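Heads up, the thing below is written out as structure tokens.
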Amino acid sequence: ARIGKSALVDSDGNVKLNAEDDITAVLASGGGAGGGNTGVGGSIGVATLIGSTKATIGDNARVNARGNRDAMTTFSGETVFSDTSSQPTTFLAKKTESAKGLAVTAYNRENLVTTVIGGAGGGTAGVAATVSASVIASTTEASVGQGARINETNTAAHADQQVRIKAVDEALLIDAAGAGAGGGTAGVGAAANVGVIAKTTTAKIGKSAIVKAKKAVELDAASSDVSVTATFGLAGGGSAGVGGSVAGVGVANTTQAYIEGVELSDGVDDAARAAKGAKVSVSGGDLEIKANEFSSSWLVTGAEDRPRVAQ
């Protein structure tokens, strides 16, 4: 969702710019084998979710949202795991609030569920192996571009006017991988399960922008990810059974909310640096800048080797 460069938007009521993406993917993979002498079974599952969700006001755009109409419903800027007074009545429902003025919101939600199973049996030997790999990689951004003018002339605005710039990303990853094998002499079962979550969630106001509001300016970035991984390798054989499992989850997230200034290395003096930096003014309320990240991972792994002992 975008208001383009140098565009002009003027509203005596509200302006709501919202980008939203909801993805749910379910992957199931299985393989099995049996033989009078030897059975070999294997299964591989690979799932990748890559997305970009952005709500932006372009460079040098001019947007006026005076808020002199009924309040709009917009996202609160919190994940479902945030412990606040803004609690939805439905489990996992996205949190919303009523507000007047301008709302620039980007909300991304990814749910990925994978199951990979392999099995094998043979009169002499059974060998089974499974490999599962899952990746969630996303970019979520709510922003006001460089040189933009938000409510630059603001005398006729409602007292409850706000400017809300909020980016939210939520990810759920559930991985299960298992392998089982049995043979009259030997059985070998092995499973490997790897998950990666890499997200960038950003709320920002660009250089040289001017942002004004009567009640509040809120700049929030929030990210949450929950991963549950279960991996098992089972084996049994008359003489030997070898079972093994390997699991790992990697999380590499960036969650940031900021008003863009001019770096000291830009080679300009203090006065020029101040002129190029963004300017935010709240005449009757507060400025809020907040970045919040929640991450939780559960890993369950197991292996069992069970040779049969002759009586």
Side-chain angles (χ1 to χ4, degrees), residues 21-31 42-51 53 76-84 86-88 90-95 107-119 128-140 167-181 189-201 221-235 242-256 291-306:
D21 190 14
D22 288 63
I23 302 175
T24 298
V26 178
L27 170 67
S29 176
S43 182
I44 297 175
V46 179
T48 303
L49 297 183
I50 299 176
T53 306
S76 68
E78 302 164 316
T79 71
V80 295
F81 298 102
S82 300
D83 185 15
T84 67
S86 176
Q87 298 296 337
T90 305
F91 180 63
L92 294 183
K94 298 174 181 178
K95 296 183 179 182
Y107 205 126
N108 194 36
R109 177 178 283 182
E110 310 102 337
N111 300 317
L112 178 58
V113 180
T114 66
T115 302
V116 182
I117 298 173
T130 63
V131 177
S132 175
S134 302
V135 178
I136 295 176
S138 63
T139 299
T140 306
V168 180
D169 191 293
E170 299 168 343
L172 173 64
L173 174 60
I174 299 176
D175 268 344
N193 196 354
V194 178
V196 176
I197 299 174
K199 306 186 303 179
T200 300
T201 307
S223 173
S224 69
D225 46 79
V226 175
S227 63
V228 180
T229 300
T231 311
F232 297 94
L234 307 174
V242 180
S245 65
V246 177
V249 175
V251 178
N253 294 337
T254 300
T255 305
Q256 54 191 356
N292 181 61
E293 182 168 333
F294 172 88
S295 182
S296 182
S297 298
W298 290 273
L299 278 79
V300 179
T301 62
E304 184 173 359
D305 310 329
R306 183 170 294 181

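Keep in mind the model is a prediction, meaning the values are calculated, not measured. Numbering of residues begins at 1 and proceeds along the displayed sequence.
Exactly one residue among Leu172, Asp22, Ile23 makes a side-chain contact (heavy atoms from CB on, under 4.5 Å) with Asn111. That residue is Leu172. Looking at Glu110, Arg109, Lys199 one by one, the single match for side-chain hydrogen bond (donor to acceptor under 3.5 Å, both in side chains) with Ser138 turns out to be Glu110.
Atoms CG and CG, from Asp225 and Leu173 in turn, are 9.5 Å apart once rounded to the nearest 0.5 Å. Here the CZ-OG1 distance, from Phe232 to Thr130, works out to 11.5 Å after rounding to the nearest 0.5 Å. Separating the CD1 atom in Ile174 from the CH2 atom in Trp298 is a distance of 10.0 Å, to the nearest 0.5 Å. Note: Thr229 OG1 to Asn193 CG = 5.5 Å, rounded to the nearest 0.5 Å. Glu78 contributes atom CD, which lies 14.0 Å from atom CZ of Phe294 (distance to the nearest 0.5 angstrom). Asn108 CG to Asp21 CG: the interatomic distance, rounded to the nearest 0.5 Å, is 5.0 Å.
Nearest heavy-atom pair across Ala190 and Ala179 is O-CB, 3.2 Å. For the residue pair Gly31 and Ser43, the shortest heavy atom distance occurs at N-CB, 3.8 Å. For Thr140 against Tyr107, the heavy-atom pair with the smallest separation is CG2-N, 4.4 Å. What you find for Thr231 and Ala192 is that their closest heavy atoms are CG2-N, 4.4 Å. Nearest heavy-atom pair, Ala177 versus Ala191, reported as atom, atom and distance to 0.1 Å: O-CB, 4.2 Å. Taking both residues in full, the closest heavy atoms of Thr114 and Ser132 are given as OG1-OG, 3.8 Å, listed atom of the first, atom of the second, then distance.
Residues passing the side-chain hydrogen bond (donor to acceptor under 3.5 Å, both in side chains) test with Thr255, sequence neighbours excluded: Glu293. Listed by chain and residue number, nothing satisfies the side-chain hydrogen bond (donor to acceptor under 3.5 Å, both in side chains) test with Thr115 (two or more places apart in sequence, or in another chain).
Ser29 places a side-chain N or O within donor-acceptor distance of the main-chain N or O of Ile44, the cut-off being under 3.5 Å.
Proximity of Val168 to Thr79: side-chain heavy atoms (C-beta onward) are separated by under 4.5 Å at one or more points. With contacts defined as side-chain heavy-atom distances shorter than 4.5 Å, the pair Leu299/Val249 qualifies. Using a 4.5 Å heavy-atom cutoff, the side chains of Val131 and Val116 are not in contact.
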Exercise for review: Just do the side-chain hydrogen bond (donor to acceptor under 3.5 Å, both in side chains) check on Ser134 and Asp175 with the steps written out, would you?
Suggested key: CA-CA 8 Å; Ser134 302; Asp175 268 344; 3.0 Å; yes
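Listed by first then second residue, pairs satisfying salt bridge (charged side-chain N to carboxylate O under 4.0 Å, His left out) with a partner in residues 129-139 number zero, not counting sequence neighbours.
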